[in-house]
There are 2 protein chains.
Amino acid sequence: MDRQQTNCCGARVDCAHCDIRPIAICGALQPMALGKLAAIAGTRRVDAGAQLIQEGEPAEDVFTLTEGMLKIYKLMPDGRRQITGFLIPGDLVGLAYGDSYIYSAEAVTDIVACRFRRGSLLALMADYPELEHRLLSRAGNELAAAQAQMLLLGRKTARERVATFLLGLAERRGIDRGEPMPLPMNRSDIADFLGLTIETVSRTLTLMRKAGLINLPDKHSVTITDMAHLQAASGD
Amino acid sequence: MDRQQTNCCGARVDCAHCDIRPIAICGALQPMALGKLAAIAGTRRVDAGAQLIQEGEPAEDVFTLTEGMLKIYKLMPDGRRQITGFLIPGDLVGLAYGDSYIYSAEAVTDIVACRFRRGSLLALMADYPELEHRLLSRAGNELAAAQAQMLLLGRKTARERVATFLLGLAERRGIDRGEPMPLPMNRSDIADFLGLTIETVSRTLTLMRKAGLINLPDKHSVTITDMAHLQAASGD
DNA sequence: CGTAGACTTGAACACTGTCAACTTGAGTGG
DNA sequence: CCACTCAAGTTGACAGTGTTCAAGTCTACG
């Protein structure tokens with residue numbers, strides 16, 4: 001496809017879906033900055049189930065996801081896992097947390113990402129404050145999401161967590177009422193995102209289906225059939 | 001006191017403790033930027049128990065806490081509360097989340113904060129990228145803390161949560177082993193920060209005291225008496 | 001000294017986790 | 001094409017951690 005000539009940042013690499021939604025880093029940059037950004041951008045493809053970055057390793061790269069879904073998570077020494085986010089095209093990975101990554105990232109589906117060397121990006125930020133401004137704005141959004149998730153994990157019931165999760169995903173994906181929504185992650189991922197077990201996630205989804213709030217055509221898709229009641233079930 | 005002449009940013013206001021630790025916004029700024037920052041800074045004092053900002057209100061100000069302790073939290077419609085952070089001098093409040101505050105902030109102790117008009121700060125950032133760079137770095141730190149807290153809320157036991165809380169507080173406050181650490185917040189605040197009830201917090205602290213991990217000289221101070229075992233109890 | 005609020009302690013309960021069995025569906029190979 | 005296998009998901013029974021409800025203790029303050 002001829003979109004291969006320019007990625008989200010104008011780079012001559014094969015990111016196919018770079019402009020499918022506003023991209024975190026590039027949007028609204030002046031042409032000169034865009035060009036420089038393109039010059040330092042590369043492409044990284046990762047198969048479903050493989051890791052993109054690992055917690056604790058030197059944070060050499062920053063990525064913007066352009067295709068597929070990525071999960072970011074932290075592990076405890078005994079293997080307990082907390083998924084802190086599911087990323088979709090346009091989201092940033094590996095940004096500005098010091099010298100090492102503070103979380104691991106694994107591809108939920110096959111993914112494509114734009115890669116930037118951290119050092120190059122920092123140097124470019126020095127010349128184009130607009131770029132840094134966009135990153136700061138993005139960091140603010142992530143922080144807001146993190147705080148909402150803390151409320152969910154600390155204070156919501158299993159039912160409220162699942163409802164909030166489905167509504168949030170539908171909103172981010174721009175899914176309309178009644179339209180089937182893909183759930184690329186498995187039950188274990190959902191459980192580790194919501195601070196539950198797979199059994200509780202499964203039971204809760206089943207109860208919601210029986211209550212007529214959702215439909216589960218197959219294991220990897222949902223349709224929201226009663227938006228109002230689902231919102232009421234989300235607790236806020 | 002003659003420190004009243006200059007606050008953390010060089011402003012002629014009465015922030016007494018502005019230089020007690022590296023201040024988020026000001027540190028390492030060039031003199032010119034510091035001067036401009038000082039010119040737009042004001043001081044805000046809030047009594048213990050009173051609100052500094054409220055979730056949903058227009059985000060007109062950004063603050064740096066210079067004295068005392070502040071809690072930031074989100075509420076659910078039915079009153080359930082999740083405290084997402086306890087802020088200490090040097091921390092930022094109200095930064096860059098869009099047009100409205102996404103959390104409320106209430107003083108745990110009497111506090112003093114430097115106030116910046118959001119618009120003025122944005123304008124200043126346009127002229128002094130260094131300022132924005134510091135804010136981005138700070139946002140990264142907050143994000144890292146938020147992710148650690150998600151792991152705590154989603155996957156840790158009550159005992160691990162309390163241990164992690166005490167260790168984290170001691171580290172941030174620079175408390176040495178054996179030294180008494182002030183706990184200005186009450187049990188209800190701790191519970192709402194850790195996603196527990198006050199009863200569970202109380203029970204857990206008592207068990208830790210009986211196990212010889214900590215001492216509780218009074219309700220608002222702790223000493224860590226067995227750092228190694230407390231760390232082991234924290235789960236990581 | 002008495003009161004009120006914060007904290008602690010106890011007992012019963014409930015939500016969610018654990019363990020185990022069963023179902024489903026995709027992939028494989030005869 | 002069908003039987004087999006295996007992983008993922010579902011369902012059920014029971015258990016346990018933490019919550020709820022209630023009573024008691026402590027302490028600051030008038």
Side-chain angles (χ1 to χ4, degrees), chain A residues 48-49 71 76 78-83 106 108-109 152-166 182-211 214-222 233 235, chain B residues 48-49 71 76 78-83 106 108-110 152-166 182-211 214-222 233-235:
Chain A
K71 62 191 176 204
M76 290 176 65
D78 64 3
R80 277 175 284 175
R81 183 178 68 157
Q82 179 64 40
I83 291 181
E106 186 180 315
V108 174
T109 65
L152 179 148
L153 293 170
R155 288 295 176 229
K156 289 190 178 179
T157 65
R159 181 181 171 83
E160 288 168 340
R161 292 180 200 206
V162 173
T164 304
F165 168 68
L166 294 176
L183 275 187
M185 71 292 287
N186 59 29
R187 298 291 186 267
S188 176
D189 289 339
I190 297 175
D192 283 347
F193 181 59
L194 298 180
L196 300 170
T197 60
I198 54 173
E199 292 92 337
T200 300
V201 170
S202 180
R203 273 187 256 272
T204 306
L205 285 172
T206 300
L207 286 173
M208 285 179 169
R209 179 176 55 73
K210 288 182 178 168
I214 60 174
N215 251 326
L216 297 165
D218 64 275
K219 288 167 183 175
H220 289 287
S221 42
V222 197
Chain B
K71 62 192 177 203
M76 290 176 65
D78 63 4
R80 277 176 284 175
R81 183 178 68 157
Q82 179 65 39
I83 292 181
E106 186 181 315
V108 174
T109 65
D110 292 352
L152 179 149
L153 292 170
R155 287 298 176 225
K156 289 190 178 180
T157 65
R159 180 182 172 82
E160 290 168 339
R161 292 181 200 206
V162 173
T164 304
F165 169 67
L166 293 176
L183 275 188
M185 70 292 286
N186 59 30
R187 297 291 186 267
S188 175
D189 289 340
I190 298 175
D192 284 347
F193 181 58
L194 298 180
L196 300 170
T197 59
I198 54 173
E199 292 92 337
T200 299
V201 170
S202 180
R203 274 187 255 272
T204 306
L205 285 172
T206 300
L207 285 173
M208 285 180 170
R209 179 175 56 71
K210 288 182 178 168
I214 59 173
N215 251 326
L216 298 165
D218 64 275
K219 287 167 183 173
H220 289 287
S221 41
V222 198
S234 77

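Fair warning: this is a prediction, and the values are worked out from it, not measured in the lab. The sequence lines fix the lettering, A, B, ..., with proteins before strands; numbering per chain opens at 1.
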Over the length of the helix from C/dC1-D/dG30 to C/dG30-D/dC1, how much do the five-pair end axes diverge, rounded to 10 degrees? 20°

With sequence neighbours left out, write down each residue that passes side-chain hydrogen bond (donor to acceptor under 3.5 Å, both in side chains) with A/R155, or none if nothing qualifies. B/D192

For A/R159, side-chain hydrogen bond (donor to acceptor under 3.5 Å, both in side chains) partners two or more places apart: none

What is the separation between atom CG on A/D218 and atom C1' on D/dA8, rounded to the nearest whole Å? 13 Å

Just how far, in rounded Å, is C1' of C/dT24 from NE2 of A/H220? 12 Å

For nucleotides 16-30 of chain D, 5' to 3', base contacts (B), sugar-phosphate-only contacts (S) and non-contacts (-) with protein non-hydrogen atoms under 4.0 Å give --SBBB----B----

Nearest whole Å is fine: how far is D/dG9 C1' from A/L205 CG? 11 Å

Nearest whole Å is fine: how far is C/dT8 C1' from B/N186 CG? 14 Å

Is a side-chain N or O of B/R161 found less than 3.5 angstrom from the main chain of B/L153, in a donor-acceptor match? yes

B/I198 CD1 to C/dG10 C1', in whole Å, measures 14 Å

Indicate yes or no: at least one non-hydrogen side-chain atom of A/K219 is less than 4.5 angstrom from one of A/L183. no

Would you tabulate the side-chain donor-acceptor contacts of residues 200-211 of chain A under 3.5 Å, counting partners in other chains and residues two or more places apart, or write 'none'?
residue: A/T200; atom: OG1; partner: A/T197; partner atom: OG1; Å: 3.1
residue: A/T204; atom: OG1; partner: A/T200; partner atom: O; Å: 2.6
residue: A/T206; atom: OG1; partner: A/S202; partner atom: O; Å: 2.9

Under the rule for salt bridge (charged side-chain N to carboxylate O under 4.0 Å, His left out), what residues qualify as partners of A/E106, not counting sequence neighbours? A/K71

Of all residues at least two apart in sequence or in a different chain, which pass the side chain to side chain contact (heavy atoms under 4.5 Å, CB included) check with B/S234? B/A163, B/T164, B/L167, B/D236

Checking B/S221 now: which residues fulfil side chain to side chain contact (heavy atoms under 4.5 Å, CB included) with it, not counting sequence neighbours? B/P217, B/D218

Atom CG of A/L216 and atom C1' of C/dT24: how far apart are they, to the nearest Å? 14 Å

Find the distance A/L194:CG to C/dC15:C1' and express it as a whole number of Å. 16 Å

Results of side-chain hydrogen bond (donor to acceptor under 3.5 Å, both in side chains) for B/R80 - residues two or more places apart only: A/E160, B/D78

Could you tell me how far apart B/R187 (CZ) and C/dG5 (P) are, to the nearest whole angstrom? 19 Å

